[in-house]
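Notes to accompany the following structure.
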Amino acid sequence: MHDIRAIRENPAAFDAALARRGLPPASPEILALDESRRAKILASETAQADQNRASKDVGAAKARGDDAEFERLRALVADKKAEIARLTAEAAEQDAALRDMLMRIPNLPHDDAPTGRDEDENVEIRRWGNPRTFDFTPREHFDIAGVKPGMDFETAAKLSGARFVVLKGAVIRVHRALAQFMLDTHITDHGLTEMWTPVLVKEDAMYGTNQLPKFAEDSYQTTNGWWLVPTSEVTLTNTVAGDILDESALPIRMTAHTQCFRSEAGSAGKDTTGMLRQHQFEKVEMVSITTPETSMAEHDRMTKCAEAILQKLELPFRTIVLCTGDMGFGAQKTHDLEVWLPGQNRYREISSVSVCGDFQARRMNARYRPAGGGKPEFVHTLNGSGLAVGRCLIAVLENGQQADGSVDLPAVLHPYLGGKTRIAADGTLA
RNA sequence: GGAGAGGUGGCGGAGUGGUCGAUCGCGCCGGUCUCGAAAACCGGAGUAGGUGCAAGCCUACCGUGGGUUCGAAUCCCACCCUCUCCGCCA
(Lines give C-alpha, C1' and ligand atoms only; values in the text may rest on other atoms or scores of the structure.)
Protein backbone atom coordinates (compact mmCIF):
# COMPACT_ATOMS: atom_id res chain seq x y z
CA MET A 1 0.00 0.00 0.00
CA HIS A 2 1.16 3.45 -0.83
CA ASP A 3 1.79 6.46 1.36
CA ILE A 4 -0.69 9.14 0.31
CA ARG A 5 1.68 11.85 1.58
CA ALA A 6 4.42 10.65 -0.72
CA ILE A 7 2.04 10.78 -3.66
CA ARG A 8 0.86 14.24 -2.66
CA GLU A 9 4.42 15.48 -2.39
CA ASN A 10 5.61 14.08 -5.67
CA PRO A 11 2.86 12.86 -7.96
CA ALA A 12 5.11 13.01 -11.02
CA ALA A 13 7.59 10.56 -9.50
CA PHE A 14 4.73 8.25 -8.53
CA ASP A 15 3.30 8.22 -12.05
CA ALA A 16 6.73 7.81 -13.57
CA ALA A 17 7.28 4.72 -11.42
CA LEU A 18 3.94 3.29 -12.49
CA ALA A 19 4.81 4.00 -16.10
CA ARG A 20 7.83 1.73 -15.71
CA ARG A 21 5.33 -1.04 -14.98
CA GLY A 22 3.41 -0.09 -18.10
CA LEU A 23 0.57 1.48 -16.12
CA PRO A 24 -1.23 4.74 -16.81
CA PRO A 25 -0.84 7.69 -14.41
CA ALA A 26 -2.87 7.22 -11.24
CA SER A 27 -2.04 10.35 -9.30
CA PRO A 28 -4.67 12.69 -10.83
CA GLU A 29 -7.50 10.42 -9.76
CA ILE A 30 -5.91 9.74 -6.37
CA LEU A 31 -5.22 13.38 -5.62
CA ALA A 32 -8.71 14.45 -6.67
CA LEU A 33 -10.22 11.91 -4.30
CA ASP A 34 -7.77 12.86 -1.59
CA GLU A 35 -8.65 16.52 -1.91
CA SER A 36 -12.35 15.88 -1.79
CA ARG A 37 -11.86 13.56 1.15
CA ARG A 38 -9.92 16.15 3.08
CA ALA A 39 -12.59 18.74 2.45
CA LYS A 40 -15.16 16.34 3.88
CA ILE A 41 -12.99 15.66 6.90
CA LEU A 42 -12.56 19.36 7.51
CA ALA A 43 -16.31 20.00 7.28
CA SER A 44 -17.12 17.07 9.52
CA GLU A 45 -14.53 18.00 12.14
CA THR A 46 -15.63 21.62 12.17
CA ALA A 47 -19.19 20.53 12.82
CA GLN A 48 -18.00 18.24 15.60
CA ALA A 49 -16.00 21.03 17.21
CA ASP A 50 -19.18 23.17 17.14
CA GLN A 51 -21.13 20.43 18.82
CA ASN A 52 -18.50 19.82 21.46
CA ARG A 53 -18.41 23.51 22.33
CA ALA A 54 -22.20 23.74 22.53
CA SER A 55 -22.32 20.60 24.62
CA LYS A 56 -19.93 22.05 27.10
CA ASP A 57 -21.89 25.32 27.27
CA VAL A 58 -25.15 23.48 27.85
CA GLY A 59 -24.06 22.40 31.29
CA ALA A 60 -22.96 25.92 32.21
CA ALA A 61 -26.24 27.43 31.02
CA LYS A 62 -28.21 24.97 33.06
CA ALA A 63 -26.12 25.65 36.12
CA ARG A 64 -26.71 29.37 36.06
CA GLY A 65 -30.42 28.85 35.41
CA ASP A 66 -30.47 30.39 31.94
CA ASP A 67 -33.27 28.25 30.57
CA ALA A 68 -33.57 30.12 27.27
CA GLU A 69 -29.88 29.64 26.50
CA PHE A 70 -30.09 26.05 27.69
CA GLU A 71 -32.88 25.29 25.25
CA ARG A 72 -31.18 27.14 22.41
CA LEU A 73 -27.97 25.16 22.83
CA ARG A 74 -29.86 21.90 23.13
CA ALA A 75 -31.52 22.58 19.82
CA LEU A 76 -28.21 23.56 18.28
CA VAL A 77 -26.61 20.31 19.39
CA ALA A 78 -29.51 18.34 17.97
CA ASP A 79 -29.09 20.11 14.62
CA LYS A 80 -25.36 19.59 14.56
CA LYS A 81 -25.83 15.94 15.32
CA ALA A 82 -27.65 15.23 12.10
CA GLU A 83 -25.16 17.28 10.12
CA ILE A 84 -22.24 15.45 11.70
CA ALA A 85 -23.75 12.06 10.99
CA ARG A 86 -24.07 12.92 7.33
CA LEU A 87 -20.63 14.52 6.98
CA THR A 88 -18.70 11.84 8.86
CA ALA A 89 -20.39 9.12 6.82
CA GLU A 90 -19.36 10.88 3.63
CA ALA A 91 -15.83 11.40 4.90
CA ALA A 92 -15.53 7.76 5.93
CA GLU A 93 -16.83 6.62 2.58
CA GLN A 94 -14.28 8.67 0.69
CA ASP A 95 -11.53 7.58 3.04
CA ALA A 96 -12.39 3.94 2.39
CA ALA A 97 -12.54 4.58 -1.34
CA LEU A 98 -9.08 6.15 -1.27
CA ARG A 99 -7.70 3.29 0.80
CA ASP A 100 -9.15 0.75 -1.60
CA MET A 101 -7.73 2.63 -4.57
CA LEU A 102 -4.27 2.67 -2.95
CA MET A 103 -4.58 -1.03 -2.05
CA ARG A 104 -5.11 -1.94 -5.69
CA ILE A 105 -2.04 -0.18 -7.05
CA PRO A 106 1.09 -2.33 -7.28
CA ASN A 107 4.36 -1.55 -5.58
CA LEU A 108 6.72 0.90 -7.22
CA PRO A 109 9.74 -0.74 -8.85
CA HIS A 110 13.15 -0.31 -7.28
CA ASP A 111 15.71 1.65 -9.27
CA ASP A 112 17.66 -1.57 -9.71
CA ALA A 113 14.79 -3.31 -11.50
CA PRO A 114 15.28 -3.13 -15.27
CA THR A 115 12.58 -1.30 -17.15
CA GLY A 116 10.73 -3.47 -19.64
CA ARG A 117 7.38 -4.39 -21.07
CA ASP A 118 7.04 -8.14 -20.47
CA GLU A 119 8.94 -11.37 -19.83
CA ASP A 120 10.91 -10.97 -23.05
CA GLU A 121 12.75 -8.09 -21.46
CA ASN A 122 13.81 -9.88 -18.30
CA VAL A 123 17.56 -9.87 -17.81
CA GLU A 124 19.60 -12.98 -17.19
CA ILE A 125 22.20 -12.28 -14.55
CA ARG A 126 23.90 -15.64 -14.24
CA ARG A 127 23.78 -19.25 -15.28
CA TRP A 128 24.93 -22.29 -13.33
CA GLY A 129 25.63 -25.79 -14.58
CA ASN A 130 25.50 -27.20 -18.06
CA PRO A 131 22.43 -28.96 -19.40
CA ARG A 132 23.25 -32.60 -19.94
CA THR A 133 23.61 -33.90 -23.48
CA PHE A 134 21.38 -36.89 -24.05
CA ASP A 135 22.05 -39.71 -26.48
CA PHE A 136 18.30 -40.26 -26.61
CA THR A 137 15.33 -37.93 -26.67
CA PRO A 138 14.64 -36.92 -23.05
CA ARG A 139 11.05 -37.33 -21.93
CA GLU A 140 8.86 -35.11 -19.84
CA HIS A 141 8.59 -36.18 -16.20
CA PHE A 142 5.20 -37.90 -16.49
CA ASP A 143 6.39 -39.89 -19.50
CA ILE A 144 9.44 -41.50 -17.94
CA ALA A 145 8.99 -45.26 -17.50
CA GLY A 146 10.25 -45.35 -13.91
CA VAL A 147 8.04 -42.42 -12.95
CA LYS A 148 4.76 -43.54 -14.46
CA PRO A 149 3.83 -46.08 -11.76
CA GLY A 150 4.21 -43.40 -9.09
CA MET A 151 2.43 -40.46 -10.72
CA ASP A 152 -1.28 -41.05 -11.18
CA PHE A 153 -3.41 -38.33 -12.73
CA GLU A 154 -6.43 -40.57 -13.44
CA THR A 155 -7.01 -41.43 -9.81
CA ALA A 156 -6.46 -37.81 -8.84
CA ALA A 157 -9.11 -36.78 -11.37
CA LYS A 158 -11.50 -39.27 -9.81
CA LEU A 159 -10.90 -37.76 -6.40
CA SER A 160 -10.60 -34.08 -7.19
CA GLY A 161 -10.61 -33.28 -10.90
CA ALA A 162 -8.04 -31.67 -13.14
CA ARG A 163 -4.76 -30.20 -11.90
CA PHE A 164 -4.37 -32.69 -9.06
CA VAL A 165 -2.08 -35.68 -8.75
CA VAL A 166 -1.75 -38.80 -6.66
CA LEU A 167 1.87 -39.73 -6.00
CA LYS A 168 2.94 -43.19 -5.00
CA GLY A 169 5.93 -45.18 -3.88
CA ALA A 170 9.36 -44.06 -5.02
CA VAL A 171 8.14 -40.81 -6.53
CA ILE A 172 6.52 -39.48 -3.38
CA ARG A 173 9.49 -40.63 -1.33
CA VAL A 174 11.78 -38.52 -3.50
CA HIS A 175 9.32 -35.64 -3.18
CA ARG A 176 9.39 -35.94 0.59
CA ALA A 177 13.17 -36.26 0.58
CA LEU A 178 13.43 -33.07 -1.42
CA ALA A 179 11.36 -31.09 1.07
CA GLN A 180 13.37 -32.42 4.00
CA PHE A 181 16.63 -31.71 2.24
CA MET A 182 15.58 -28.13 1.49
CA LEU A 183 14.50 -27.44 5.05
CA ASP A 184 17.62 -28.98 6.55
CA THR A 185 19.84 -26.98 4.22
CA HIS A 186 18.13 -23.69 5.06
CA ILE A 187 18.23 -24.37 8.76
CA THR A 188 21.75 -25.71 9.01
CA ASP A 189 23.63 -23.93 6.24
CA HIS A 190 21.65 -20.71 5.88
CA GLY A 191 20.62 -19.95 9.43
CA LEU A 192 16.88 -19.70 8.81
CA THR A 193 14.42 -20.55 11.55
CA GLU A 194 12.04 -23.40 10.76
CA MET A 195 8.37 -22.58 11.21
CA TRP A 196 5.17 -24.51 10.82
CA THR A 197 2.08 -22.42 10.19
CA PRO A 198 -1.63 -22.69 9.52
CA VAL A 199 -2.69 -22.85 5.89
CA LEU A 200 -6.13 -21.43 6.70
CA VAL A 201 -5.98 -17.74 7.48
CA LYS A 202 -8.15 -14.75 8.26
CA GLU A 203 -8.91 -12.16 5.66
CA ASP A 204 -6.58 -9.59 7.26
CA ALA A 205 -3.58 -11.79 6.58
CA MET A 206 -4.48 -11.97 2.90
CA TYR A 207 -4.70 -8.19 2.76
CA GLY A 208 -1.35 -7.91 4.52
CA THR A 209 0.56 -9.75 1.82
CA ASN A 210 -1.53 -8.26 -0.99
CA GLN A 211 -3.47 -11.31 -2.19
CA LEU A 212 -6.52 -9.19 -1.38
CA PRO A 213 -8.37 -7.15 -2.41
CA LYS A 214 -7.27 -7.48 -5.99
CA PHE A 215 -6.59 -11.20 -6.47
CA ALA A 216 -9.45 -12.85 -4.61
CA GLU A 217 -10.27 -15.09 -7.56
CA ASP A 218 -6.80 -16.67 -7.42
CA SER A 219 -7.33 -18.17 -3.98
CA TYR A 220 -9.86 -20.40 -2.25
CA GLN A 221 -12.08 -19.42 0.62
CA THR A 222 -13.85 -21.73 3.04
CA THR A 223 -17.54 -21.44 3.80
CA ASN A 224 -16.82 -19.82 7.13
CA GLY A 225 -14.53 -17.17 5.74
CA TRP A 226 -11.00 -18.54 6.05
CA TRP A 227 -8.70 -18.37 3.06
CA LEU A 228 -6.38 -21.18 1.97
CA VAL A 229 -2.91 -19.75 1.61
CA PRO A 230 -1.52 -19.71 -1.93
CA THR A 231 1.94 -19.59 -0.34
CA SER A 232 3.30 -19.56 3.21
CA GLU A 233 4.61 -16.09 2.44
CA VAL A 234 1.19 -15.14 3.80
CA THR A 235 1.61 -16.73 7.20
CA LEU A 236 5.32 -16.19 7.66
CA THR A 237 5.19 -12.52 6.76
CA ASN A 238 2.06 -11.84 8.77
CA THR A 239 3.69 -13.24 11.91
CA VAL A 240 4.95 -9.68 12.48
CA ALA A 241 1.69 -7.91 11.56
CA GLY A 242 0.85 -5.15 14.00
CA ASP A 243 4.12 -5.63 15.86
CA ILE A 244 6.72 -3.13 16.91
CA LEU A 245 9.99 -5.06 16.88
CA ASP A 246 13.28 -4.07 18.43
CA GLU A 247 15.89 -3.34 15.78
CA SER A 248 18.14 -5.83 17.56
CA ALA A 249 15.63 -8.58 16.68
CA LEU A 250 16.22 -7.98 12.96
CA PRO A 251 16.72 -9.54 10.56
CA ILE A 252 14.18 -12.27 11.17
CA ARG A 253 14.76 -15.16 8.77
CA MET A 254 12.11 -17.85 8.52
CA THR A 255 11.42 -20.91 6.45
CA ALA A 256 8.42 -23.21 6.30
CA HIS A 257 7.27 -26.19 4.30
CA THR A 258 3.54 -26.05 3.62
CA GLN A 259 0.80 -26.99 1.25
CA CYS A 260 -0.19 -24.17 -1.08
CA PHE A 261 -3.53 -23.75 -2.82
CA ARG A 262 -4.19 -21.83 -6.00
CA SER A 263 -7.28 -21.66 -8.18
CA GLU A 264 -5.18 -21.05 -11.30
CA ALA A 265 -8.01 -18.93 -12.63
CA GLY A 266 -6.92 -17.47 -15.91
CA SER A 267 -4.33 -20.11 -16.67
CA ALA A 268 -6.73 -22.47 -18.42
CA GLY A 269 -4.94 -24.49 -21.07
CA LYS A 270 -1.51 -23.65 -19.65
CA ASP A 271 0.70 -26.53 -18.52
CA THR A 272 -2.21 -28.95 -18.47
CA THR A 273 -0.14 -32.10 -18.65
CA GLY A 274 2.07 -33.25 -15.83
CA MET A 275 2.32 -31.77 -12.37
CA LEU A 276 3.91 -28.44 -13.23
CA ARG A 277 0.82 -26.42 -12.35
CA GLN A 278 -1.48 -27.82 -9.67
CA HIS A 279 -4.26 -26.52 -7.45
CA GLN A 280 -2.49 -28.01 -4.46
CA PHE A 281 1.27 -28.20 -4.16
CA GLU A 282 4.07 -28.03 -1.65
CA LYS A 283 6.57 -25.30 -1.27
CA VAL A 284 9.43 -24.51 1.05
CA GLU A 285 9.23 -20.78 1.54
CA MET A 286 11.70 -18.25 2.91
CA VAL A 287 10.69 -14.93 4.44
CA SER A 288 12.92 -12.22 5.90
CA ILE A 289 11.98 -9.18 7.92
CA THR A 290 14.67 -6.50 7.81
CA THR A 291 15.44 -2.84 8.30
CA PRO A 292 15.18 -0.57 5.24
CA GLU A 293 18.97 -0.30 5.03
CA THR A 294 19.57 -4.01 4.72
CA SER A 295 16.74 -5.25 2.53
CA MET A 296 18.56 -5.12 -0.80
CA ALA A 297 21.53 -7.07 0.56
CA GLU A 298 19.07 -9.53 2.08
CA HIS A 299 17.49 -9.95 -1.33
CA ASP A 300 20.78 -11.11 -2.78
CA ARG A 301 21.39 -13.35 0.21
CA MET A 302 17.99 -14.97 -0.14
CA THR A 303 18.53 -15.53 -3.85
CA LYS A 304 21.77 -17.33 -3.02
CA CYS A 305 19.95 -19.51 -0.49
CA ALA A 306 17.57 -20.66 -3.22
CA GLU A 307 20.40 -21.15 -5.71
CA ALA A 308 22.30 -23.28 -3.23
CA ILE A 309 19.50 -25.83 -3.24
CA LEU A 310 19.70 -26.25 -7.00
CA GLN A 311 23.48 -26.39 -6.92
CA LYS A 312 23.49 -29.14 -4.29
CA LEU A 313 20.96 -31.04 -6.40
CA GLU A 314 23.22 -30.52 -9.41
CA LEU A 315 20.39 -29.01 -11.44
CA PRO A 316 21.39 -26.50 -14.12
CA PHE A 317 19.61 -23.18 -13.76
CA ARG A 318 19.75 -19.55 -14.64
CA THR A 319 18.95 -16.55 -12.50
CA ILE A 320 17.09 -13.67 -14.05
CA VAL A 321 15.99 -10.31 -12.76
CA LEU A 322 12.46 -9.54 -13.77
CA CYS A 323 11.82 -6.39 -15.72
CA THR A 324 9.33 -3.90 -14.35
CA GLY A 325 6.56 -5.10 -16.65
CA ASP A 326 6.80 -8.71 -15.47
CA MET A 327 7.10 -8.22 -11.72
CA GLY A 328 4.45 -9.31 -9.28
CA PHE A 329 2.12 -6.89 -7.53
CA GLY A 330 4.01 -6.47 -4.26
CA ALA A 331 7.58 -6.53 -5.52
CA GLN A 332 10.13 -3.77 -5.82
CA LYS A 333 12.57 -6.15 -7.42
CA THR A 334 12.41 -9.86 -8.20
CA HIS A 335 14.88 -12.59 -9.03
CA ASP A 336 13.50 -15.69 -10.70
CA LEU A 337 15.37 -18.96 -10.71
CA GLU A 338 14.67 -21.06 -13.76
CA VAL A 339 15.70 -24.69 -13.74
CA TRP A 340 16.58 -26.65 -16.85
CA LEU A 341 13.89 -29.15 -17.87
CA PRO A 342 15.30 -31.41 -20.60
CA GLY A 343 11.86 -32.88 -21.33
CA GLN A 344 10.63 -29.42 -22.30
CA ASN A 345 14.03 -28.38 -23.59
CA ARG A 346 13.78 -25.07 -21.76
CA TYR A 347 14.27 -23.29 -18.44
CA ARG A 348 11.19 -23.10 -16.23
CA GLU A 349 10.53 -21.02 -13.14
CA ILE A 350 11.21 -22.86 -9.90
CA SER A 351 11.73 -19.98 -7.51
CA SER A 352 10.83 -16.33 -7.28
CA VAL A 353 12.58 -14.11 -4.76
CA SER A 354 11.19 -10.64 -4.13
CA VAL A 355 11.97 -7.63 -2.00
CA CYS A 356 8.84 -5.69 -1.14
CA GLY A 357 10.28 -2.71 0.74
CA ASP A 358 7.71 -1.31 3.18
CA PHE A 359 4.78 -2.08 0.85
CA GLN A 360 3.49 -5.05 2.85
CA ALA A 361 4.66 -3.68 6.19
CA ARG A 362 2.49 -0.63 5.63
CA ARG A 363 -0.51 -2.84 4.91
CA MET A 364 -0.01 -4.94 8.01
CA ASN A 365 1.40 -2.15 10.18
CA ALA A 366 4.61 -4.00 10.96
CA ARG A 367 7.22 -1.70 12.46
CA TYR A 368 10.49 -1.67 14.37
CA ARG A 369 11.97 0.70 16.88
CA PRO A 370 15.33 2.00 15.64
CA ALA A 371 18.26 1.19 17.91
CA GLY A 372 19.18 4.85 18.21
CA GLY A 373 15.69 5.67 19.51
CA GLY A 374 12.98 7.62 17.77
CA LYS A 375 9.67 6.77 16.20
CA PRO A 376 8.86 3.27 15.01
CA GLU A 377 9.46 2.79 11.29
CA PHE A 378 8.07 0.25 8.87
CA VAL A 379 10.14 -2.89 8.39
CA HIS A 380 11.00 -4.25 4.98
CA THR A 381 9.74 -7.67 3.95
CA LEU A 382 11.14 -10.22 1.53
CA ASN A 383 9.93 -13.59 0.36
CA GLY A 384 11.23 -16.30 -1.89
CA SER A 385 10.64 -19.90 -2.78
CA GLY A 386 13.33 -22.19 -1.60
CA LEU A 387 12.00 -24.10 -3.56
CA ALA A 388 8.74 -25.23 -5.09
CA VAL A 389 8.92 -28.91 -4.16
CA GLY A 390 6.76 -30.34 -6.97
CA ARG A 391 8.62 -28.46 -9.66
CA CYS A 392 11.89 -29.49 -8.11
CA LEU A 393 10.76 -33.10 -8.27
CA ILE A 394 10.06 -32.65 -11.98
CA ALA A 395 13.53 -31.22 -12.50
CA VAL A 396 15.21 -34.04 -10.60
CA LEU A 397 13.29 -36.65 -12.59
CA GLU A 398 13.84 -35.14 -16.01
CA ASN A 399 17.50 -34.32 -15.47
CA GLY A 400 18.30 -37.71 -13.99
CA GLN A 401 16.47 -39.86 -16.53
CA GLN A 402 18.32 -42.62 -18.34
CA ALA A 403 17.75 -44.27 -21.70
CA ASP A 404 16.20 -47.35 -20.04
CA GLY A 405 13.55 -45.27 -18.25
CA SER A 406 15.25 -45.29 -14.86
CA VAL A 407 16.24 -42.13 -12.97
CA ASP A 408 19.55 -41.41 -11.25
CA LEU A 409 18.98 -39.32 -8.15
CA PRO A 410 21.24 -36.53 -6.81
CA ALA A 411 23.78 -37.65 -4.21
CA VAL A 412 22.52 -35.23 -1.54
CA LEU A 413 19.19 -37.06 -1.53
CA HIS A 414 20.62 -40.53 -0.98
CA PRO A 415 20.75 -40.21 2.82
CA TYR A 416 17.07 -39.27 2.77
CA LEU A 417 16.28 -42.37 0.71
CA GLY A 418 17.74 -44.99 2.96
CA GLY A 419 20.87 -45.04 0.85
CA LYS A 420 19.03 -45.78 -2.39
CA THR A 421 20.35 -43.91 -5.40
CA ARG A 422 17.91 -44.31 -8.26
CA ILE A 423 14.40 -45.11 -9.38
CA ALA A 424 14.51 -48.24 -11.49
CA ALA A 425 12.64 -48.52 -14.79
CA ASP A 426 9.94 -50.53 -13.04
CA GLY A 427 9.28 -47.66 -10.62
CA THR A 428 10.96 -49.11 -7.54
CA LEU A 429 13.66 -47.42 -5.51
CA ALA A 430 17.00 -49.08 -6.09
C1' G B 1 -21.05 -28.24 20.30
C1' G B 2 -22.03 -26.49 25.83
C1' A B 3 -20.59 -23.10 29.96
C1' G B 4 -17.78 -19.09 31.68
C1' A B 5 -14.08 -14.98 31.60
C1' G B 6 -12.00 -11.13 28.99
C1' G B 7 -10.48 -7.43 25.00
C1' U B 8 -7.86 0.00 27.78
C1' G B 9 -1.55 3.60 25.54
C1' G B 10 5.36 -0.27 23.96
C1' C B 11 4.04 -4.01 28.07
C1' G B 12 1.30 -4.89 32.71
C1' G B 13 -2.88 -2.96 34.91
C1' A B 14 -6.75 0.82 37.22
C1' G B 15 -10.89 3.22 35.87
C1' U B 16 -19.37 1.98 35.88
C1' G B 17 -22.18 8.79 32.78
C1' G B 18 -19.31 15.04 32.99
C1' U B 19 -11.93 18.89 32.41
C1' C B 20 -10.53 10.84 31.14
C1' G B 21 -6.70 10.83 26.18
C1' A B 22 -7.34 8.31 30.50
C1' U B 23 -4.37 6.95 37.86
C1' C B 24 -0.26 3.74 38.66
C1' G B 25 3.96 0.32 37.73
C1' C B 26 7.60 -1.40 34.18
C1' G B 27 10.04 0.02 29.96
C1' C B 28 11.58 4.49 27.00
C1' C B 29 13.82 9.71 26.36
C1' G B 30 16.30 14.17 28.78
C1' G B 31 18.62 16.00 33.23
C1' U B 32 20.96 15.99 38.39
C1' C B 33 24.53 12.95 40.93
C1' U B 34 29.11 9.86 39.23
C1' C B 35 35.71 9.22 36.52
C1' G B 36 31.87 6.22 34.07
C1' A B 37 27.73 3.18 35.10
C1' A B 38 23.95 1.37 38.47
C1' A B 39 20.70 3.15 42.17
C1' A B 40 18.12 7.44 43.69
C1' C B 41 15.82 11.96 42.48
C1' C B 42 13.71 15.72 38.89
C1' G B 43 11.44 16.36 34.22
C1' G B 44 9.36 14.50 29.40
C1' A B 45 6.69 11.46 26.18
C1' G B 46 0.30 8.02 23.15
C1' U B 47 -1.36 7.04 17.92
C1' A B 48 -3.66 8.72 13.58
C1' G B 49 -6.01 12.51 10.73
C1' G B 50 -7.10 17.74 9.52
C1' U B 51 -5.33 22.82 9.53
C1' G B 52 -1.33 26.43 9.84
C1' C B 53 5.09 29.38 7.61
C1' A B 54 5.36 28.22 12.66
C1' A B 55 4.02 28.15 17.81
C1' G B 56 -0.27 26.05 17.99
C1' C B 57 -5.32 24.78 17.27
C1' C B 58 -9.10 21.16 15.99
C1' U B 59 -11.01 15.98 15.35
C1' A B 60 -10.98 10.87 16.19
C1' C B 61 -9.22 6.65 18.79
C1' C B 62 -10.17 2.56 25.53
C1' G B 63 -11.78 -4.90 20.08
C1' U B 64 -15.48 -3.47 15.69
C1' G B 65 -20.24 -1.44 14.25
C1' G B 66 -24.78 0.63 15.86
C1' G B 67 -27.92 2.86 19.87
C1' U B 68 -29.38 5.80 24.48
C1' U B 69 -27.86 10.87 26.37
C1' C B 70 -26.88 17.84 26.26
C1' G B 71 -22.51 14.54 27.36
C1' A B 72 -19.99 7.40 27.05
C1' A B 73 -13.84 3.90 28.06
C1' U B 74 -18.06 3.78 31.46
C1' C B 75 -25.25 2.19 30.00
C1' C B 76 -27.92 -0.90 25.84
C1' C B 77 -27.74 -4.08 21.20
C1' A B 78 -25.13 -6.85 17.47
C1' C B 79 -20.71 -8.77 15.76
C1' C B 80 -15.36 -10.13 15.85
C1' C B 81 -11.28 -11.99 18.50
C1' U B 82 -8.63 -14.30 22.72
C1' C B 83 -8.48 -17.39 27.00
C1' U B 84 -10.40 -21.26 30.62
C1' C B 85 -13.39 -25.58 31.71
C1' C B 86 -16.63 -29.63 29.81
C1' G B 87 -17.91 -32.79 25.58
C1' C B 88 -16.19 -34.84 20.90
C1' C B 89 -11.90 -35.81 18.05
C1' A B 90 -6.48 -36.48 14.48
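Values below: all heavy atoms of this structure, side chains included; hydrogens, waters and symmetry mates excluded. Residue numbers begin at 1 in each chain, while the letters A, B, ... track the order of the sequences.
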Does a side-chain N or O of A:Gln48 approach OP1 or OP2 of B:A60 to a distance below 4.0 Å, or not?
yes

Assign each of A:Ile41 and A:Asp50 the nucleotide of RNA chain B bearing its closest heavy atom; nearer the 5' end lies the nucleotide of A:Ile41

Could you work out the separation of B:A90 and B:G6 based on their P atoms and round it to a whole Å?
34 Å

Any side-chain heavy atom of A:Leu315 within less than 4.5 Å of one from A:Asn399?
yes

Using the C1' atom in both, what is the distance from B:G17 to B:A73, to the nearest Å?
11 Å

Does A:Arg369 make a side-chain N or O approach to OP1 or OP2 of B:G10 shorter than 4.0 Å?
no

What I'd like to find out is whether the side chain of A:Met151 reaches to under 4.5 Å of the side chain of A:Leu397, using heavy atoms alone.
yes

Determine whether A:Thr193 and A:Arg253 make a side-chain contact, defined as any pair of heavy atoms from C-beta on separated by less than 4.5 Å.
no

Ring centroids only, cut at 6.0 angstrom: are A:His279 and A:Phe164 within range, meaning strictly under it?
yes

Taking for each residue the nucleotide of RNA chain B with the nearest heavy atom, is it A:Arg37 or A:Ile244 whose nucleotide lies nearer the 5' end?
A:Ile244

Rounded to whole Å, CG of A:Leu42 lies from P of B:C57 at a distance of 18 Å

To the nearest Å, how far apart are A:Leu245 CG and B:C11 P?
12 Å

Using the C1' atom in both, what is the distance from B:A22 to B:C70, to the nearest Å?
22 Å

Using whole Å, what does the distance between atom C1' of nucleotide B:C28 and atom OH of A:Tyr368 come to?
17 Å

Contact under 4.0 Å: A:Lys375 side-chain N or O vs B:A48 OP1/OP2
yes

Using a 3.5 Å distance criterion without hydrogens, assess whether the side chain of A:Thr235 forms a donor-acceptor pair with backbone atoms of A:Ser232.
yes

Quote, to the nearest angstrom, the P distance that separates B:C77 from B:U23.
29 Å

Decide salt bridge (charged side-chain N to carboxylate O under 4.0 Å, His left out) for A:Asp218 and A:Arg262; before the verdict, give the C-alpha distance in whole Å, the side-chain angles of both, and the deciding distance to 0.1 Å.
CA-CA 6 Å; A:Asp218 292 339; A:Arg262 298 188 182 179; over 6 Å; no

From CG of A:Asp246 over to C1' of B:G10, roughly how many Å is that when rounded to an integer?
9 Å

Inter-nucleotide P distance (B:G65, B:A72), Å rounded
15 Å

Given A:Asn383 and A:Ser354, is the side-chain hydrogen bond (donor to acceptor under 3.5 Å, both in side chains) satisfied, shown in steps?
CA-CA 6 Å; A:Asn383 62 80; A:Ser354 296; 4.8 Å; no

Sub-3.5 Å donor-acceptor pair from the side chain of A:Asn238 to the main-chain atoms of A:Ala241, do we have one?
no

Considering only atom C1', compute the distance from B:G13 to B:U8 and round it to an integer number of Å.
9 Å

Distance check needed: B:G50 P versus A:Asp95 CG, whole Å only.
9 Å

Worked verdict on A:Arg163 versus A:Glu264 for salt bridge (charged side-chain N to carboxylate O under 4.0 Å, His left out):
CA-CA 9 Å; A:Arg163 290 206 194 284; A:Glu264 293 298 339; 5.5 Å; no

Dot-bracket for RNA chain B, 5' to 3', counting Watson-Crick or G-U wobble pairs under 3.5 Å, with [ ] for crossing pairs and | for inter-strand pairs?
((((((((.[[[..)..(.....]]].(((((.......))))).((((((....)))))).[[[[[..)....]]]]])))))))....

Any side-chain N or O of A:Arg5 under 4.0 Å from OP1/OP2 of B:G49?
yes

Side-chain N,O (A:Arg8) to OP1/OP2 (B:G50) below 4.0 Å
yes

I need the CD1-P distance between A:Ile84 and B:U69, as an integer number of Å.
15 Å

When the distance from CD1 of A:Ile4 to P of B:A48 is rounded to whole Å, what number comes out?
16 Å

Checking A:Gln180 against A:Arg176: is there a side-chain donor and acceptor pair closer than 3.5 Å?
no

Just how far, in rounded Å, is P of B:G50 from CG of A:Leu87?
17 Å

Nearest-Å distance once atom P is located in both B:A5 and B:A48
36 Å

When you compare B:A14 with B:C24, how far apart are their P atoms, in angstrom units rounded to a whole number?
15 Å

For a quick test of reading the model: is some side-chain N or O of A:Gln51 closer than 4.0 Å to OP1 or OP2 of B:G71?
yes

Between A:Phe359 and A:His2, is the gap from one ring center to the other below 6.0 Å?
yes

Reading nucleotides 77-83 of chain B from the 5' end, what letters show protein touch, with B for base, S for backbone sugar-phosphate only, - for no heavy atom under 4.0 Å?
----S--

